[in-house]
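Just so you know, ligand 1 is whichever comes first in the structure, and atom 1 is the first atom listed for that ligand. Side-chain atoms are counted along with the backbone in the values below, which use heavy atoms only and exclude waters and symmetry mates.
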Amino acid sequence: MGAEENRYAFNSNTFDMDGVEIPFKDGQTIMDAALAAGIYIPHLCHHPGLTPHGSCKLCMVDIGNKCMSSCTTPAVAGQQVSNNTPVLNEARKTITQLLFIEGNHLCPSCEKTGNCTLQAMAYFLGMLDGHFPQFFQRREVDASHLTVMLDRDRCILCELCVRASREVDGKNVFAIAGRGVTAHLVVNSPSGKLADSDLETSDMAAHICPVGAILIKEHGYEIPIGRRTFDLHQVGEIGLEKVIQAKARHTNE
Ligand code: SF4
Ligand code: FES
């Protein structure tokens, strides 16, 4: 039995999600149990192995008429959970629209188009426009680092880079500063610039961004349209995180 399997004591508990019986182990969240059972719950800020964050709210499920984030809610035996319903998917689409209008997600000019989980989520949920008025952010771009650049106007504040840097890379390069609509990504270096941080191209934090906010320099537009991740894969495919990570690292070789 591997280390990952040993993290939870096995029991025969199950809960019901959309009429399917899902087994779970003690301490598992609804999200982790669903993914282990091969069932997709839409998510943006969740990544297997990183501490759950609960910020994007795409993973909301209905438990007894209450909306709960499945990535932070522990599974309970006998629970009735709804996930893939028109009401929840409509709410998820609205949240995705809000993310699009909050930042400058001008996909036709973004290197991440076709490899972007936010964009793929919009397609998945049938989003046709932003619906709400655009914020037109003007946050600072940081191109100071030799091999990595940061465009804060595309950041969705998922903190995947923050958690990857702290929990996997052991560096604590990124953080979120500010409150409410002024919240933004900052770099923990004396100057606040990426160039003065410990970030390296090989770090998980340099590759985990689900949108086009953190990009590896000099590798833009290498993958032709038609061969990008979401040209070949549905965002709802289980285990896609590994494909995305592998691809991100490969393009840097
Ligand atoms: S830079 Fe990317 S990974 Fe980091 S918080 Fe923003 S969207 Fe998330
Ligand atoms: S994946 Fe659960 S809140 Fe983002």
*Where is the nearest protein heavy atom to atom 3 (S) of ligand 2: which residue, which atom, and how far?*
Lys57 N, 3.2 Å
*Subset of ligand 1 atoms that lie under 4.0 Å from at least one heavy atom of Ile214*: 1 (S)
_How far is atom 1 (S) of ligand 2 from the closest protein heavy atom, and which atom is that?_
His43 CB, 3.4 Å
*Tell me whether Cys161 has at least one N, O or S atom under 2.8 Å from atom 4 (Fe) of ligand 1.*
yes
_Just checking Leu146: does its CG atom have more than 12 heavy atoms from other residues, nucleotides or ligands closer to it than 6.0 angstrom?_
no
*Quick one: do Arg138 and Asp153 make a salt bridge, cutoff under 4.0 Å?*
no
*Ala213: numbered ligand 1 atoms lying under 4.0 Å from its heavy atoms*: 1 (S), 2 (Fe)
_Ligand-side contact atoms (ligand 1) for residue partner Leu185, heavy atom cut-off under 4.0 Å_ = 1 (S)
*Quick one: which of Leu199, Asn188, Val186 gives a side chain to side chain contact (heavy atoms under 4.5 Å, CB included) with Phe174?*
Leu199
*asked:* Looking only at protein heavy atoms, which one is nearest to atom 2 (Fe) of ligand 1, and what is the separation?
replied: Cys209 SG, 2.3 Å
*Would you kindly say whether Gln119 and Thr113 are connected by a side-chain donor-acceptor distance under 3.5 Å?*
yes
*asked:* Applying salt bridge (Lys or Arg N to Asp or Glu O under 4.0 Å) to Arg154 and Asp151, what does each step give before you reach the verdict?
replied: CA-CA 6 Å; Arg154 298 179 188 139; Asp151 184 340; 3.8 Å; yes
*Assess Cys71: does it contribute an N, O or S atom lying under 2.8 Å from atom 2 (Fe) of ligand 2?*
yes
*Any idea which protein heavy atom is nearest atom 6 (Fe) of ligand 1, and the distance to it?*
Cys155 SG, 2.3 Å
*Given His53, Glu159, Arg163, which has its nearest heavy atom closest to atom 5 (S) of ligand 1?*
Glu159
*Is any side-chain N of the basic residue among Arg139 and Glu102 closer than 4.0 Å to the acidic one's carboxylate O?*
yes
*May I ask whether Pro210 has any heavy atom positioned less than 4.0 angstrom from an atom of ligand 1?*
yes
*Output yes when Glu140 and Lys193 qualify as a salt bridge under the 4.0 Å nitrogen-oxygen rule, no when they do not.*
yes
*Identify, for atom 8 (Fe) of ligand 1, the protein heavy atom at the shortest distance, and state residue, atom and that distance.*
Cys158 SG, 2.3 Å
*Hey, do the aromatic rings of Phe124 and Tyr40 have their centres closer than 6.0 Å?*
yes
*What atoms in ligand 2 come closer than 4.0 Å to a heavy atom of Cys56?*
1 (S), 3 (S), 4 (Fe)
*For atom 2 (Fe) of ligand 2, does an N/O/S atom of Cys59 lie at less than 2.8 Å?*
yes
*With heavy atoms of Ser55 as the reference, note each atom of ligand 2 found under 4.0 Å away.*
3 (S)
*Kindly check if the number of other-residue, nucleotide or ligand heavy atoms within 6.0 Å of CZ (Phe132) is above 12?*
yes
*Note the single closest protein heavy atom to atom 7 (S) of ligand 1, along with its residue, its atom name and the distance in Å.*
Ile156 N, 3.3 Å
*Would you give the length of the straight line joining atom OG of Ser69 to atom CD1 of Ile41, rounded to the nearest 0.5 angstrom?*
10.5 Å
